[in-house]
Enquirer: 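Quick one: structure below, then a few questions.
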Amino acid sequence: MFSNLASRLFHTTSASSQLIKLTRLRVVDNSEIGKQAMLEGKPPRIIHIYNKSGVGYIGNKVLVAIKGEKKKGVIVGCKKHQIPRAPKFDSNNVVLIDDSGTPLGNRIHVPIPLMLRTMLKEKTYKKGTDYTKLLAIATRFV
């Protein structure tokens, strides 16, 4: 009986390699809400992915639930095997943004992919989300 009880306390499924709904993310900027959530051990989870396939990739915009609030973010690194010349990361990383695309923090702690620079510049347009501010706070590129 004890071995059955002990086996319930451990997770036996492997980590998901694709970003879908309810996937846990790691906040890599220095926003206040992101730091608090990571320190408490309650990382944000994906609620919605803003694309047709429903699977998140580097550069996609997502809606996350963090500390009981809904925030938007941009995926800047994932474990999932990406398109050619995209680096593979050890964790699923996100940078929190507001509705206009301005990052909530003012520094990104991890290197972000260099290909993200071209991808987000293509998605930036007048009277819409401005991702160039996100690229401006990044100090290291891979």
Enquirer: If hydrophobic clusters are built from ILVMFWY residues whose side chains come within less than 4.5 Å, do Leu114 and Val28 share one?
Expert: yes
Enquirer: Quick check for you: to the nearest 0.5 Å, what is the distance between Ile20 atom CD1 and Ile49 atom CD1?
Expert: 7.5 Å
Enquirer: NZ of Lys70: more than 12 outside heavy atoms within 6.0 angstrom?
Expert: no
Enquirer: Walk me through whether Val76 and Ile108 qualify under side-chain contact (heavy atoms from CB on, under 4.5 Å).
Expert: CA-CA 10 Å; Val76 294; Ile108 297 177; 5.5 Å; no
Enquirer: Applying side-chain hydrogen bond (donor to acceptor under 3.5 Å, both in side chains), can you list everything that pairs with Asn51, at least two apart in sequence or on another chain?
Expert: none
Enquirer: Report yes or no: do Val27 and Ile33 belong to one cluster of Ile/Leu/Val/Met/Phe/Trp/Tyr joined by side chain heavy-atom distances under 4.5 Å?
Expert: yes
Enquirer: Taking the side chain as C-beta and beyond, is there a heavy-atom pair between Leu25 and Ile46 under 4.5 Å?
Expert: yes
Enquirer: How far apart are the closest heavy atoms of Val64 and Pro44, and which atoms are they?
Expert: CB-CB, 4.1 Å
Enquirer: The criterion is side-chain hydrogen bond (donor to acceptor under 3.5 Å, both in side chains); which residues satisfy it with Glu40, sequence neighbours excluded?
Expert: Lys67
Enquirer: Could you name each residue pair satisfying ring-ring contact (aromatic ring centres under 6.0 Å, His included) that touches residues 19-56, not counting sequence neighbours?
Expert: His48-Tyr50
Enquirer: State whether the side chain of Asn30 and the backbone N or O of Asn106 hold a donor-acceptor pair below 3.5 Å, judged by distance alone.
Expert: yes
Enquirer: side-chain contact (heavy atoms from CB on, under 4.5 Å) for Leu63 and Lys72? Distances and angles first, verdict last.
Expert: CA-CA 4 Å; Leu63 183 67; Lys72 291 183 181 174; 3.9 Å; yes
Enquirer: Roughly how far, to the nearest 0.5 Å, is the NE2 atom of His109 from the CG atom of Asn93?
Expert: 11.5 Å
Enquirer: To the closest 0.5 Å, what do you measure between CG (Asn92) and NZ (Lys79)?
Expert: 5.5 Å
Enquirer: When you measure from the side chain of Arg24 to the backbone of Lys42, do you find a donor-acceptor pair of N or O atoms at a distance under 3.5 Å?
Expert: no
Enquirer: Return the CZ to CG distance between Arg107 and Asp29, rounded to the nearest 0.5 Å.
Expert: 11.0 Å
Enquirer: Which heavy atom of Cys78 sits nearest to which heavy atom of Ile58, and what is that distance?
Expert: SG-CG1, 3.8 Å
Enquirer: With hydrophobic residues grouped by side-chain heavy-atom distances under 4.5 Å, do Ile137 and Phe141 end up in a single group?
Expert: yes
Enquirer: Start with the C-alpha distance between Ile66 and Leu96, add both sets of side-chain angles, then the distance that settles side-chain contact (heavy atoms from CB on, under 4.5 Å), and finish with yes or no.
Expert: CA-CA 10 Å; Ile66 180 167; Leu96 299 176; 4.1 Å; yes
Enquirer: Please examine the side chains of Pro43 and Arg26, heavy atoms only from C-beta on, and report whether any two atoms are closer than 4.5 Å.
Expert: no
